Chemist: 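Take a look at the following structure, please.
Bear in mind the structure is a predicted one, so any value in this text is a computation, not a measurement.
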Amino acid sequence: MTERTRFAPSPTGHLHIGGARTALFSWLFAKSKGGQFLLRFEDTDTERSKDEFKDSILKSLEWLNLNPDEEPVHQSRNLERHKFLALSLFEKGAAYYCDCSIEELEELRATQIKNKQKPMYDGRSREKNLEYEGKNVLRYKMPKASTSFEDLILGDITVDNRELDDFIILRADGTPTYNFCAAVDDLDMKISTVIRGDDHLTNTIKQLNIIKSLEGNLPNYAHLPMVLSESGKRLSKRDGALDIMDYKSEGYLSGALLNYIVRLGWAKDEVEKFTMNELIDFFDLSDVNSSPSKFSLQLLDWYNNEYLKEMDSSTLLKLLNEIGSNINENFKNILGIIDVLKVGAKSLKEIEESFDMFLKSPSIDKSDSLASEENKKIIKDFFDNFDFSKDENLESTSQRLKDYINYNDLKFPQLGKPLRYALTGRTNAPGLGELLYLLGNEESRKRIKNYLE
RNA sequence: GUCCCCUUCGUCUAGUGGUUAGGACACCGGGUUUUCAUCUCGGCAACAGGGGUUCGAAUCCCCUAGGGGACGCCA
């Protein structure tokens, strides 16, 4: 049997880290078994579901390269089938109509909470043998038993069905609800393994029972522990649950993000970095941790720098422009500049920011001690005596700079500090040999001259 | 409140009855050095607590505590 997994977001928001990880693990699991990864939008909440979010989720998955192997399924398009099957459950006696009013239910709930009981429907309509009358909801008759399954991550799970109530499968308006739709669609899509966050654990118990009642084949289940925010709470917009596309525009590389995410709860020996192909080879759900982990921007930044350093600078240039940097590819020594800047950068944004020092001549603060008369004298000598006529490479420029310093009996910082300031207006910048070479003779002279004035 | 899941350095984790409890990020210090960074070397730092089982427990069992989740005519 070929493995089929699915990622099933509800399009009521953007894709964030937690969802991306669920998608990644589902994708990896399918790929590692030579199977298929599918996408299903759980868009039965017509109030909150938005096409804009479907687009955004699709874009995010595309950026992460976690594309589904078949056309995305839109749950809302299967409503008739869901309804038909729900009714079949009623015919079989596995579901019943309930005429409890919302007020009645609220009251029940309030009393239960007051009595420190678990708030849930008490099954009071179970034996009423009601028919649909235009306002009744259809409830699933939860079997009086316990439900067990072998979770691929958590192991044996057994829950007494009394902990779950007779949940609604068809609303008063006749539309089917989530737990029912999800169970049916997983069946119809021939999903072999359902991978999702462990906040779905009780839903799994419900869906397992639905599938049994429908006499379908039970899929395997794997519940991923949650990703918590840095403060240890559930990931929310307030503390770092960014839209995945925000990571792109902030200058993160999708490979780095993916690598970071996969290590949240999964490890292979003492290796930190993996290519996607390695992940496909090594990944297994049984190696996934069962404890929640916290999101760490610091670690993500480290991964991003690692990926930035390894990435070809011409590719980086393309990505830079993709996120709106408008760096001209014909700019003098553009690739060399990126080569140098990427080494210390945490993101494309940082490269872009540092790039400014090459684009713009610095404005020199005359009162800065780096522009003192004494310093100017050293730079003036340098300006007059260093050979700016040669067109050369990085190594030779650096060497000639060293030679100049030795020949003139200077300490490197004596020349270096003011020269760096003259060239960039900054105190932190790439090495001077690199600066001189990348800026080029003409531009270097121009900047030094400006400093000297 | 009830039920479920979870608990190794600050963080991500390795570890499946016998290890000086390992690695990575971060942090701190040394070195290279031309500033920041990179690179390199080193350091700090953990088995939540308590009971068992066992010759021996981070590893198995129980309890407690803590964290997270679920409890909708949302998904």
Chemist: For A/Asp99 and B/C73, what is the distance between atoms CG and P respectively, to the nearest whole Å?
Modeler: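 Checked: the CG to P distance equals 15 Å.
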
Chemist: Could you state the atom-to-atom distance from CG of A/Asp45 to P of B/C74 in whole Å?
Modeler: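 Between P of B/C74 and CG of A/Asp45: 7 Å.
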
Chemist: Watson-Crick or G-U wobble partner for B/C3, using a 3.5 Å limit on both distances?
Modeler: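 Matched B/C3 with B/G69 under the 3.5 Å cut-off.
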
Chemist: Kindly state whether the ring of A/Phe382 and the ring of A/Phe388 have centres lying under 6.0 angstrom apart.
Modeler: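 Yes, ring centres under 6.0 Å apart.
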
Chemist: I want to confirm an ordering. Mapping A/Tyr121 and A/Gly265 to their closest nucleotides on RNA chain B, which one lands closer to the 5' end?
Modeler: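 Counting from the 5' end, the first nearest nucleotide belongs to A/Gly265.
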
Chemist: Between B/A75 and A/Thr44, is there an OP1 or OP2 to side-chain N/O distance shorter than 4.0 Å?
Modeler: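 Yes, such a contact exists.
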
Chemist: Let me spell it out: for each of A/Asn203 and A/Asp165, pick the nucleotide of RNA chain B with the closest heavy atom. Which residue's pick is nearer the 5' end?
Modeler: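 Upstream on the strand: A/Asp165.
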
Chemist: For B/U59, what is the paired nucleotide under Watson-Crick or G-U wobble rules, both distances under 3.5 Å?
Modeler: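 Check on B/U59: unpaired, no WC or wobble geometry under 3.5 Å.
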
Chemist: With respect to the side chain of A/Pro119, which nucleotide from B/G1, B/A75, B/A70 is positioned closest?
Modeler: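 For A/Pro119, the side-chain atoms sit closest to B/G1.
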
Chemist: Without hydrogens or angle criteria, can the side chains of A/Ser146 and A/Asn161 be said to hold a donor-acceptor pair below 3.5 Å?
Modeler: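 Short answer, no.
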
Chemist: Which parts of nucleotides 24-32 of chain B does protein reach within less than 4.0 Å, heavy atoms only, written one letter per nucleotide 5' to 3' as B for base, S for sugar-phosphate only and - for none?
Modeler: SSS------

Chemist: Among residues at least two apart in sequence or on other chains, which ones pass side chain to side chain donor-acceptor pair (under 3.5 Å) with A/Asp281?
Modeler: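 For A/Asp281, no residue satisfies side chain to side chain donor-acceptor pair (under 3.5 Å) once neighbours in sequence are set aside.
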
Chemist: According to the Watson-Crick and G-U wobble definitions, with both distances under 3.5 Å, which nucleotide is paired to B/G10?
Modeler: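 Its partner is B/C25 (Watson-Crick or G-U wobble, both distances under 3.5 Å).
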
Chemist: Reading nucleotides 58-68 of chain B from the 5' end, what letters show protein touch, with B for base, S for backbone sugar-phosphate only, - for no heavy atom under 4.0 Å?
Modeler: ----------S

Chemist: With sequence neighbours left out, write down each residue that passes ring pair (Phe, Tyr, Trp, His ring centres under 6.0 Å) with A/Phe149, or none if nothing qualifies.
Modeler: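 Ring pair (Phe, Tyr, Trp, His ring centres under 6.0 Å) check on A/Phe149 returns A/Tyr221, A/His223.
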
Chemist: I need the NE2-P distance between A/His82 and B/A75, as an integer number of Å.
Modeler: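 Taking NE2 of A/His82 and P of B/A75, I get 12 Å after rounding.
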
Chemist: May I ask you to verify if any side-chain N or O of A/Ser293 is less than 4.0 angstrom from the OP1 or OP2 atom of B/U13?
Modeler: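 For B/U13, OP1 or OP2 has a side-chain N or O of A/Ser293 closer than 4.0 Å.
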
Chemist: Starting from C1' on B/G15, measure out to NZ on A/Lys268 and report it in whole angstrom.
Modeler: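 Computing the A/Lys268:NZ to B/G15:C1' distance gives 15 Å.
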
Chemist: Does a donor on one side chain and an acceptor on the other come within less than 3.5 Å for A/Asn441 and A/Ser444?
Modeler: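 No, no side-chain donor-acceptor pair sits under 3.5 Å.
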
Chemist: Mind checking what makes side chain to side chain donor-acceptor pair (under 3.5 Å) contact with A/Arg263, not counting sequence neighbours?
Modeler: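 Expected list: A/Glu272.
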
Chemist: Which letters describe nucleotides 33-49 of chain B, given B = protein heavy atom under 4.0 Å from base, S = only from sugar-phosphate, - = neither?
Modeler: -BBBSSS----------

Chemist: Please test A/Tyr178 against A/Phe167 for ring-ring contact (aromatic ring centres under 6.0 Å, His included), starting from the C-alpha separation and ending with a verdict.
Modeler: CA-CA 10 Å; A/Tyr178 166 73; A/Phe167 57 97; 9.9 Å; no

Chemist: Judged by modelled atom types alone, do A/Ser213 and A/Tyr140 share a side-chain donor-acceptor pair under 3.5 Å?
Modeler: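 A donor-acceptor contact under 3.5 Å links the two side chains.
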
Chemist: Taking all heavy atoms of A/Ser354 and all of A/Leu341, pick out the closest pair and write down the distance.
Modeler: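 Looking at all heavy atoms of both residues, the shortest contact is CB-CD2, 3.7 Å.
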
Chemist: Closest approach of A/Glu352 and A/Ser325, non-hydrogen atoms and distance?
Modeler: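 In this case the closest contact between A/Glu352 and A/Ser325 is OE2-CA, 3.4 Å.
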
